[in-house]
Amino acid sequence: MEIKTTTTYTFDLVKEFSVFNIFRIKYYKLIKWIFAMLAVVGLVACVVSAVNYNNYNYFAIEFMIVFVFYFLYWVLPKKAYALAQDLEVNFVFTDDLFFTSSNRPGGRIDSEYSYDQIYILYNTPKYMYLFLNKSQSYIIDKSNIDEKTLNNLEEALISKISDKSYKNWK
């Protein structure tokens with residue numbers, strides 16, 4: 001088996017990964033929406049309280065809520081994207097190892113990993129997030145892979161890593 005694919009790190013890809021990484025728990029989509037709804041309710045409550053009680057200290061709380069959302073959804077992804085701006089990572093998956101290569105401003109980086117080195121693999125509808133440890137990961141863009149090859153890759157990865165290391169987030 002030899003499967004090749006390439007992922008280009010765009011701002012949208014990095015933003016989606018950043019949000020996923022913040023809410024990387026079992027029900028992350030539900031938690032993300034609950035968090036957003038609580039923030040909206042909190043904003044409305046702050047505005048109503050400020051208007052009804054003429055206490056404009058609530059606007060400071062409202063500002064903090066808006067700032068947290070702005071930070072989580074724009075600032076963190078922009079900082080992450082600045083590090084990986086339009087980075088193109090090439091992957092080659094073989095029977096025993098997988099290889100990555102990328103061209104960074106400091107030069108080309110080639111890496112070789114065994115499947116035992118995979119800490120956890122999150123399989124989402126659009127991407128596979130392959131974590132080598134808690135802080136180092138690769139993003140595999142599924143849109144660059146035809147369906148048959150993608151199925152072969154998913155089956156190969158599932159067979160090579162432990163059940164604890166595979167999370168299906170469909």
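For clarity, every value in this text was computed on a predicted model and none was experimentally measured.
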Peer 1: Is the shortest side-chain heavy-atom distance between Leu150 and Met128 below 4.5 Å?
Peer 2: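 They are in side-chain contact.
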Peer 1: Using 0.5 Å steps for rounding, measure from the OG1 atom of Thr8 to the CG atom of Asn144.
Peer 2: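 Nearest 0.5 Å value for the OG1-CG distance: 7.0 Å.
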Peer 1: First locate atom OG1 of Thr5, then atom CD1 of Ile3, and finally report the distance between them rounded to the nearest 0.5 Å.
Peer 2: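 Those atoms lie 9.5 Å apart.
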Peer 1: Would a distance-only check, ignoring hydrogens and angles, find a side-chain to backbone donor-acceptor pair under 3.5 Å from Ser111 to Thr100?
Peer 2: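 Here the side-chain-to-backbone pair does not exist.
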Peer 1: Do you reckon Leu132 sits in the same ILVMFWY cluster as Leu97, going by side-chain contacts under 4.5 Å, direct or chained?
Peer 2: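 Different clusters: Leu132 never reaches Leu97 through Ile, Leu, Val, Met, Phe, Trp or Tyr contacts under 4.5 Å.
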Peer 1: Is the closest side-chain donor-acceptor distance between Asp146 and Thr149 under 3.5 Å?
Peer 2: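 Yes, a side-chain donor-acceptor pair sits under 3.5 Å.
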Peer 1: Quick check: do Asp12 and Phe17 have side-chain heavy atoms less than 4.5 Å from each other?
Peer 2: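 In short, these two side chains do not touch, never coming nearer than 4.5 Å.
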Peer 1: Could you go through the side-chain contact (heavy atoms from CB on, under 4.5 Å) check for Ile139 and Leu13 one step at a time?
Peer 2: CA-CA 9 Å; Ile139 304 170; Leu13 181 142; 3.2 Å; yes
Peer 1: Consider only side-chain heavy atoms of I, L, V, M, F, W and Y, link residues closer than 4.5 Å, and tell whether Leu153 and Val92 are in one cluster.
Peer 2: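 No: no chain of side-chain contacts under 4.5 Å links Leu153 to Val92.
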Peer 1: Would you tell me whether Asn133 and Ser135 have side-chain atoms, one donor and one acceptor, within less than 3.5 Å of each other?
Peer 2: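 On atom types as modelled, these side chains qualify, holding a pair under 3.5 Å.
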Peer 1: Using 0.5 Å steps for rounding, measure from the CD1 atom of Ile120 to the CZ atom of Phe131.
Peer 2: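 Rounded to the nearest 0.5 Å, the CD1-CZ separation comes to 8.0 Å.
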Peer 1: As an exercise, state the distance from OG of Ser101 to CZ of Arg108, rounded to the nearest 0.5 Å.
Peer 2: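 Reported to 0.5 Å precision, the distance equals 4.0 Å.
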Peer 1: How many angstroms lie between atom CG of Leu121 and atom OG of Ser162, to the nearest 0.5 angstrom?
Peer 2: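 Between atom CG of Leu121 and atom OG of Ser162 there are 10.5 Å.
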Peer 1: If you define the side chain from C-beta out and look only at heavy atoms, does anything of Thr124 sit under 4.5 Å from Phe20?
Peer 2: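 Thr124 vs Phe20: side chains touch.
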Peer 1: Roughly how far, to the nearest 0.5 Å, is the CZ atom of Phe93 from the OH atom of Tyr115?
Peer 2: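 Those atoms lie 6.0 Å apart.
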Peer 1: May I ask whether Tyr113 and Ile158 are part of the same hydrophobic cluster, defined by side-chain heavy atoms of I, L, V, M, F, W, Y residues being less than 4.5 angstrom apart, directly or through others?
Peer 2: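 Yes, same cluster.
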Peer 1: Taking only residues two or more places apart in sequence, or in another chain, which ones meet Lys148 in a side-chain hydrogen bond (donor to acceptor under 3.5 Å, both in side chains)?
Peer 2: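 Scan of Lys148 (side-chain hydrogen bond (donor to acceptor under 3.5 Å, both in side chains), adjacent residues dropped) gives none.
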Peer 1: If the condition is side-chain hydrogen bond (donor to acceptor under 3.5 Å, both in side chains), which residues does Ser159 pass it with, not counting sequence neighbours?
Peer 2: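 With sequence neighbours excluded, Ser159 shows a side-chain hydrogen bond (donor to acceptor under 3.5 Å, both in side chains) to no residue whatsoever.
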Peer 1: Phe98, Tyr119: one ILVMFWY side-chain cluster at the under-4.5 Å cut-off?
Peer 2: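 In one cluster with Phe98: Tyr119, yes.
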Peer 1: Without swapping roles, check the side chain of Gln117 against the backbone of Ser114 for a donor-acceptor pair under 3.5 Å.
Peer 2: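 Yes; judged by distance alone, with no hydrogens or angles, the pair exists.
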Peer 1: Checking side-chain contact (heavy atoms from CB on, under 4.5 Å) for the pair Asp95/Glu2: CA distance, chi angles, key distance, verdict?
Peer 2: CA-CA 7 Å; Asp95 288 330; Glu2 182 172 289; over 6 Å; no
Peer 1: Test Phe91 against every option in Thr7, Leu130, Ile145 by the side-chain contact (heavy atoms from CB on, under 4.5 Å) rule and name the one that passes.
Peer 2: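 Going through the options one by one, the only one that passes is Thr7.
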Peer 1: Indicate whether the side chain of Asp141 and that of Ser143 have a donor and an acceptor atom separated by less than 3.5 Å.
Peer 2: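 Checked: Asp141/Ser143 side chains pair up, N/O donor to acceptor below 3.5 Å.
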Peer 1: Does Gln136, at its CD atom, have more than 12 non-hydrogen atoms belonging to other residues, nucleotides or ligands within less than 6.0 Å?
Peer 2: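 It does: Gln136 CD has more than 12 such atoms within range.
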Peer 1: Backbone N or O of Val14 within a donor-acceptor pair of the Ser18 side chain at under 3.5 Å?
Peer 2: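 Yes; judged by distance alone, with no hydrogens or angles, the pair exists.
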Peer 1: What's the verdict on side-chain contact (heavy atoms from CB on, under 4.5 Å) for Phe11 and Lys78, showing C-alpha distance, side-chain angles and the deciding distance?
Peer 2: CA-CA 7 Å; Phe11 177 71; Lys78 280 186 179 182; 3.7 Å; yes
Peer 1: What verdict does the side-chain contact (heavy atoms from CB on, under 4.5 Å) test give for Thr6 and Val89, after you've listed the backbone C-alpha separation in whole Å, the side-chain angles of each residue and the deciding distance to 0.1 Å?
Peer 2: CA-CA 6 Å; Thr6 300; Val89 179; over 6 Å; no
Peer 1: I'd like to know if Glu155 and Lys160 make a salt bridge, using a cut-off of under 4.0 Å between side-chain N and carboxylate O.
Peer 2: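 No, Glu155 and Lys160 are not salt-bridged.
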Peer 1: Is the shortest side-chain heavy-atom distance between Lys142 and Asn123 below 4.5 Å?
Peer 2: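 The answer is yes; the side chains approach within 4.5 Å.
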Peer 1: Are Tyr122 and Tyr127 an aromatic pair, judged by ring center distance below 6.0 Å?
Peer 2: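 Ring centroids of Tyr127 and Tyr122 are no less than 6.0 Å from each other.
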